[in-house]
Amino acid sequence: AQSVAQPEDQVNVAEGNPLTVKCTYSVSGNPYLFWYVQYPNRGLQFLLKYITGDNLVKGSYGFEAEFNKSQTSFHLKKPSALVSDSALYFCAVSRMDSSYKLIFGSGTRLLVRP
Amino acid sequence: DGGITQSPKYLFRKEGQNVTLSCEQNLNHDAMYWYRQDPGQGLRLIYYSQIVNDFQKGDIAEGYSVSREKKESFPLTVTSAQKNPTAFYLCASSIGTTNTGELFFGEGSRLTVL
């Protein structure tokens with residue numbers, strides 16, 4: 001069965017410090033991996049995706065993610081956190097069956113303190 | 001601007017009543033989706049539609065119904081058979097039906113059953 005795990009419910013970081021939000025996955029075949037961000041009472045916004053190619057993927061708002069096949073991970077990173085980055089972050093993996101459906105992780109709340 | 005519009009943003013319902021959530025998109029996307037979001041559980045797929053007049057059940061379809069009579073519209077009805085309907089409902093769409101494309105989300109509808 002395909003799944004994605006976000007082991008941390010919350011990540012706290014000081015503004016200006018680097019941040020990492022962790023994601024691991026389990027999928028048969030090649031995974032397609034995504035990160036989304038959600039601000040309070042809003043819909044999700046796409047940040048970045050890994051389909052194939054370079055393991056380091058760059059996305060919106062200065063975020064990047066590193067695909068690590070041996071560790072089955074796709075951690076989200078940013079070199080310097082901003083208070084405005086505080087939000088709920090979701091990792092997702094695409095299913096390998098005939099229809100297009102995403103499996104979402106449970107989400108990680110990022111809190112950036114001034 | 002193109003996007004996805006969900007209405008109403010907030011809705012209160014008495015037990016035993018059906019309620020319909022609206023989702024309209026002007027992105028000319030073929031595929032549309034309904035997700036349910038509960039705290040700490042990520043997003044779960046209720047129904048999805050890859051083409052007009054066709055839709056498939058997702059992981060938690062019981063107690064819900066949908067229609068797709070027009071490409072732009074994908075309304076969700078929460079019926080009285082849904083045992084725990086209080087949740088945040090998100091509509092999304094995607095270009096085509098591949099599993100490598102990102103989802104575009106609406107702002108969500110929060111349903112509270114009194």
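Note that these values count all heavy atoms, side chains included, but never hydrogens, waters or copies made by symmetry. Below, chain A is the first sequence line, B the second, and so on; all start at residue 1.
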(message) Do Asn12(A) and Gln10(A) pair up side chain to side chain, a donor and an acceptor below 3.5 Å, judged on atom types alone?
(response) yes
(request) Would you mind checking if Asp30(B) and Lys71(B) are paired as a salt bridge, meaning a charged N to carboxylate O distance below 4.0 Å? (result) yes
(request) Can you tell which part of Gln6(A) gets under 4.5 Å to a heavy atom of chain B, answering side chain, backbone, both or neither? (result) neither
(message) Under 4.5 Å from any heavy atom of chain B, what part of Ile51(A) do you find: side chain, backbone, both or neither?
(response) side chain
(message) Regarding Thr112(B) and Thr86(B), do their side chains bring together a donor and an acceptor under 3.5 Å, going by distance alone?
(response) no
(request) Name the region of Gln56(B), side chain, backbone, both or neither, that has any atom closer than 4.5 Å to a heavy atom of chain A. (result) neither
(message) Is Arg44(B) close to chain A through its backbone or its side chain, or both, or neither, when contacts mean heavy atoms under 4.5 Å?
(response) neither
(message) Show every disulfide bond (SG atoms under 2.5 Å apart) that has at least one partner inside residues 7-69 of chain B, sequence neighbours left out.
(response) Cys23(B)-Cys91(B)
(request) Examine whether an atom of Phe104(B) lies under 4.5 Å from a heavy atom of chain A, and if so say whether it belongs to the side chain, the backbone or both; otherwise answer neither. (result) neither
(message) To the closest 0.5 Å, what do you measure between CZ (Phe63(A)) and OH (Tyr89(A))?
(response) 3.5 Å
(message) Counting only non-hydrogen atoms closer than 4.5 Å, does Leu33(A) touch chain B with its backbone (N, CA, C, O), its side chain (CB onward), both, or neither?
(response) neither
(request) Select one option (side chain, backbone, both, neither) describing which atoms of Gln41(B) are under 4.5 Å from chain A's heavy atoms. (result) backbone
(request) Please look at Asn41(A) and chain B and tell me whether the side chain, the backbone, both or neither of the residue comes under 4.5 angstrom of a heavy atom of that chain. (result) both
(request) Step through the shown structure and confirm whether more than 12 heavy atoms of other residues, nucleotides or ligands are within 6.0 Å of NZ on Lys57(B). (result) no
(request) Name the region of Leu90(B), side chain, backbone, both or neither, that has any atom closer than 4.5 Å to a heavy atom of chain A. (result) side chain
(request) May I ask you to decide whether Glu64(A) forms a salt bridge with Lys58(A), counting only side-chain N to carboxylate O separations under 4.0 Å? (result) yes
